[in-house]
Amino acid sequence: MSGALWHGFADMGAVQRDGAFVVSRGEGAYIWDDAGTRYLDATAGLWFTNVGHGRTEIADAVAAQLSKVAHFSNFGDFTSDTTVALAERLGAIAPVPGSKVFFTSGGSDSVDSAAKLARRYWNEMGRPGKKLIVGRQKAYHGMHVAGTALAGIPVNREGYGELMPDARTVGWDDAKSLLELIEREGADAIAAFFCEPIIGAGGIYLPPEGYLTEVRDICREHDILFVVDEVVTGFGRIGGSWFASTRFGLEPDMITTAKGLTSGYVPMGAVFVAPAVAEPFFGGGVWWRHGYTYGGHAGAAAAAMANLDIVERENLLAESKRLESSLHEHLAPLAEHPRVAEVRSGLGAVAAVQLVDPAEALPFVKTLRAHGVSGRAAGQGAMQFSPSFVMTDEQVAEMAAGVRAALG
Ligand SMILES: Cc1ncc(COP(=O)(O)O)c(C=O)c1O
């Protein structure tokens with residue numbers, strides 16, 4: 001029995017029967033369980049520990065901030081000096097110059113904030129009929145109501161009744177299906193299209209060549225806000241750039257982020273809003289009645305500042321690009337194994353080893369642990385690889401050897 005704790009995304013009967021995997025320490029690309037056994041962390045937690053575990057520099061920055069003032073408020077005219085400094089720093093690396101930064105407590109907050117803002121924006125522009133929010137099959141956009149409704153993983157929507165009637169789904173890799181939806185519903189009914197540059201939790205699917213700019217152009221042509229969900233890809237995971245939007249020149253109307261902003265040391269998210277979308281709210285006399293108690297939390301902002309310092313000082317964007325090649329080099333050969341259907345890799349510090357039989361994925365996670373690798377299943381039987389940017393090529397090779405051994 002694992003006691004009072006109710007885990008997310010879990011069959012708690014199974015967790016209670018088999019026991020929890022309790023992580024008690026981390027350093028760099030390694031974690032240790034409560035029995036003292038060491039594992040390579042193949043996933044950087046839930047895709048977030050970009051700078052690696054055990055960074056006392058971030059802990060110290062948070063401690064210093066909490067001792068000064070932990071947080072106060074980010075509503076109305078309140079904020080903190082550290083929050084302002086972080087917003088300026090993010091503004092300077094934003095893919096769209098002049099962007100405004102709206103802080104949240106995590107990725108789901110960022111997504112639902114962007115969905116609400118898209119609709120409010122069109123309302124301010126005198127087009128209140130533009131309400132539909134469009135997502136893609138396989139997409140994951142967090143677990144708040146709008147994000148769950150607009151994502152493309154139907155099983156996550158089951159059992160609640162209709163969460164948001166104004167959500168629509170199109171093909172994940174097919175720009176034509178977006179055009180067909182626009183023809184069917186009318187551009188005057190559509191507020192925004194949400195798009196992960198690399199589909200993450202839905203199984204790690206890389207965008208087809210040219211897809212991202214194609215859907216961006218379709219959105220522009222039809223006055224539909226183009227929202228890029230960079231909760232996973234932001235802050236370096238795309239490889240070589242701060243954002244996938246920078247790497248692909250997407251210039252989105254909004255970008256949703258979290259995870260890598262603080263490397264998950266404390267929770268924080270942010271929505272980047274392009275000047276044209278922010279403008280109606282900055283002219284005076286218009287309120288956006290939206291915000292979170294912990295939005296712009298000063299302690300979280302201090303963690304983000306220290307995290308970004310590390311990324312810059314240690315050239316971790318370049319390290320992430322190195323991992324793009326290294327993961328591909330070491331994992332792609334596993335595609336020949338009879339239990340593996342395909343390996344998806346070669347863009348960003350992410351990869352998937354797709355098992356032939358999706359039912360094998362959960363037991364495989366446990367077998368993999370026995371070979372010294374902490375992994376995770378995503379989508380329909382894909383093994384997720386998204387290590388911290390400090391994982392060395394030797395450790396990638398060791399991780400791939402662990403996967404091969406676990407495959408048998
Ligand atoms: C693309 C994407 N959007 C949103 C979220 C939700 O973020 P959070 O779990 O921090 O609420 C996630 C989480 O994995 C994600 O991958």
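Order of appearance sets the numbers: ligands from 1, and atoms from 1 within every ligand. The chain is numbered in sequence order, starting from 1.
In this structure, the ring pair (Phe, Tyr, Trp, His ring centres under 6.0 Å) partners of Y292, at least two apart in sequence or on a different chain, are H290. In terms of the side chain to side chain donor-acceptor pair (under 3.5 Å) criterion, S108 has no residue partners (sequence neighbours excluded).
Ring planes of F21 and Y39: perpendicular class, angle over 60° (limits at 30 and 60°). The aromatic rings of H141 and F194 sit perpendicular to each other, their planes meeting at more than 60°, with 30° as the lower class boundary.
Taking distance alone, with nitrogen or oxygen atoms compared against 3.5 Å, V231 stays at or beyond that limit from ligand 1.
Heavy atoms of D229 approach ligand 1 to within less than 4.0 angstrom.
Contact check for H7 versus M12: side-chain heavy atoms found under the 4.5 Å cut-off. Contact annotation: the side chain of Q354 never approaches that of V343 to less than 4.5 Å [non-hydrogen atoms, C-beta and beyond].
Counting only heavy atoms of the protein, atom 16 (O) of ligand 1 lies nearest to V232 CG2, 3.3 Å. When only non-hydrogen protein atoms are considered, atom 9 (O) of ligand 1 lies nearest to S108 OG, 4.2 Å. The nearest heavy-atom contact from the protein to atom 7 (O) of ligand 1 is G107 CA, 3.1 Å.
Of all the heavy atoms of E196, the ones lying under 4.0 Å from any atom of ligand 1 belong exclusively to the side chain. Contacts with ligand 1 closer than 4.0 Å are made by no heavy atom of A201, backbone or side chain. Contact annotation for K259 and ligand 1: only side-chain heavy atoms (C-beta onward) come within less than 4.0 Å of the ligand.
Among G142, G8, G106, the residue whose heavy atom sits closest to atom 6 (C) of ligand 1 is G142.
W172 and Y205 have their aromatic ring centers within a separation under 6.0 angstrom.
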